[in-house]
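Below, chain A is the first sequence line, B the second, and so on; all start at residue 1. Every heavy atom of this structure was used, including side-chain atoms; hydrogens, water molecules and symmetry mates were not. Just so we're clear, the structure is a prediction, and the values are computed from it rather than from any experiment.
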Amino acid sequence: MPELPEVETIKNELSPSVIGRKIMKVDIVRDDVISKPSADEFREKVTGKTITGITRRGKYLFFHLDKSDDILTMHLKLAGSLQLDPETDKFTRAVLHLDDETDVHLKDPRKFGRMWLEKDESAVADRLGPEPFDKDFTVKTLAEILKKRSSPVKVVILDQSLIAGIGNMYADEALFEAKIHPARPAKRLSPAEVERLYDAIKNVLRKGIEKKGASVRDYFRPSGEKGEAHTDFLVAHGAGNSCPGCAGKIERIVVGGRGTYICPRCQPEP
DNA sequence: CCCGGAACCTGAAGGC
DNA sequence: TGCCTTCAGGTTCCGG
């Protein structure tokens, strides 16, 4: 499931193979993988363009094109991956054929992933909260975000318009590390808890990037390999496991409609 | 404004 | 063996 560490890994590992390469041909297996403009217009505007760089904001990827007004933008949603020269299979939704014979496949078992054209990165980025690793994301920033909200703290940190990049797995890991129950109203966290959460968010995301992302299910790196970050997960998807911090058992609950993993002893209810 | 829930999809895994 | 249910999960939209 691509969250910030997975999308960052894809950007880092795809860049050396695609930067400076020209897109010779675009195969679109299903038209609805292109959100805008039409599949035909997309093909026309992208074909023949050279990729000058890839950037990431939150969980979005931007492929910058030479001599173009358009930025090829992607969101992999729940299960999408970008793979270099894989076998074509029933999950291949689109292929970018590059001028050195490299093929970049968008694979996506669940068909949620999309690519489209934007004139400007800010059309997407302006709707997102700060990047967790930007200088302007401080403990104070997080405290300001949390203190206005009575929603469960987990719902708040998953809100991309407030903080960009955190998804379900890393939210659970961060809240466990900070020893905060995910259903706690955000505004009721103490200053010490806010600080623990701040450190935990950066820590779990940093470790996720170091381990090249978490392959709990559908995530693959551009090489087709899995990431290793999930092997360090302490609670996410670990119902029934023993808590690493106490004798308790990890439980699955639902918070904000999302499957949520906690240690009920280390993360006591409000 | 806030919140909950549905919709979008389908494969894997577990229960019976 | 096979059918049925549950779970996974990011974003957007709709209704209360």
Side-chain angles (χ1 to χ4, degrees), chain A residues 1-11 29-36 56-62 73-82 87 89-94 106-116 118 123-129 131-132 145-175 182-188 201 204-205 208 213-220 226-227 229-230 233 235-241 250-262 270:
Chain A
M1 299 89 193
E3 304 180 24
L4 187 153
E6 289 72 35
V7 181
E8 178 71 12
T9 300
I10 291 167
K11 183 201 74 175
V29 179
R30 292 170 47 94
D31 280 4
D32 63 4
V33 79
I34 309 298
S35 346
K36 68 174 185 184
R56 178 194 60 76
R57 180 80 166 86
K59 302 168 192 169
Y60 294 81
L61 282 172
F62 302 98
T73 308
M74 292 193 200
H75 197 299
L76 300 170
K77 293 286 180 83
L78 305 181
S81 62
L82 290 171
E87 300 270 316
D89 59 20
K90 60 178 179 172
F91 301 138
T92 297
R93 309 298 174 198
L106 171 60
K107 293 207 179 198
D108 187 0
R110 292 189 181 57
K111 301 181 180 170
F112 287 125
R114 293 288 181 270
M115 49 176 115
W116 66 96
E118 291 287 357
V124 167
D126 288 356
R127 292 183 284 114
L128 301 176
E131 282 293 315
I145 290 166
L146 296 174
K147 81 176 187 193
K148 293 179 210 149
R149 296 278 171 150
S150 48
S151 306
V153 58
K154 177 171 176 181
V155 172
V156 174
I157 64 173
L158 284 175
D159 185 333
Q160 302 300 299
S161 72
L162 302 176
I163 308 168
I166 302 171
N168 203 38
M169 301 181 297
Y170 292 96
D172 283 357
E173 289 300 310
L175 288 161
R184 293 267 304 283
K187 60 164 65 161
R188 297 237 283 271
I201 286 171
V204 299
L205 294 176
S215 293
V216 169
R217 218 160 183 152
D218 300 301
Y219 165 73
F220 295 98
K226 295 185 171 204
H230 55 286
F233 282 172
V235 292
H237 299 102
N241 294 352
I250 306 304
E251 286 179 6
R252 181 184 186 274
I253 60 174
V254 175
V255 176
R258 318 294 296 279
T260 298
Y261 295 88
I262 60 163

Just the rounded figure in Å: distance from [atom2] of [N] to [atom1] of [X].
X        : N      : atom1 : atom2 : value
A:His230 : C:dA8  : NE2   : P     : 16 Å
A:Met169 : C:dC7  : CE    : C1'   : 15 Å
A:Ile10  : C:dG10 : CD1   : C1'   : 14 Å
A:Ile145 : B:dC2  : CD1   : C1'   : 18 Å
A:Leu158 : B:dC3  : CG    : P     : 14 Å
A:Arg258 : C:dG10 : CZ    : P     : 5 Å
A:Lys36  : C:dT12 : NZ    : P     : 11 Å

May I ask you to verify if any side-chain N or O of [X] is less than 4.0 angstrom from the OP1 or OP2 atom of [N]?
X        : N      : value
A:His75  : C:dT11 : yes
A:Arg127 : C:dT12 : yes
A:Ser151 : B:dC2  : no
A:Gln160 : C:dG10 : no
A:Arg252 : C:dT6  : no

Quick one: does any side-chain atom of [X] pair with a main-chain N or O of [Y] as donor and acceptor, under 3.5 Å?
X        : Y        : result
A:Ser161 : A:Asp159 : no
A:Glu173 : A:Val235 : yes
A:Asp172 : A:Tyr261 : yes
A:Arg30  : A:Ala94  : no
A:Gln160 : A:Gly129 : no

Seminar exercise, completed: With B for base contact, S for sugar-phosphate-only contact and - for none (protein heavy atoms under 4.0 Å), nucleotides 6-16 of chain B reads --BBBBB----
Exercise. Does some side-chain heavy atom of A:Ile262 sit less than 4.5 Å from a side-chain heavy atom of A:Val255?
Worked result: no
Exercise. Within a strict 4.5 Å, meaning less than it, do heavy atoms of the A:Tyr219 and A:Glu3 side chains meet?
Worked result: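 Side-chain contact under 4.5 Å: no.
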Exercise. What nucleotide among C:dC7, B:dC3, C:dG10 has an atom nearest to a side-chain atom of A:Asn168?
Worked result: C:dG10
Exercise. Which part of the nucleic acid does A:Tyr170 contact within heavy-atom distance under 4.0 Å: base, sugar-phosphate only, or nothing?
Worked result: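 If one applies the 4.0 Å heavy-atom cut-off, A:Tyr170 turns out to touch nothing in the nucleic acid.
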Exercise. How is A:Gly167 classified with respect to the nucleic acid when contacts are heavy atoms under 4.0 Å: base, sugar-phosphate, or nothing?
Worked result: sugar-phosphate
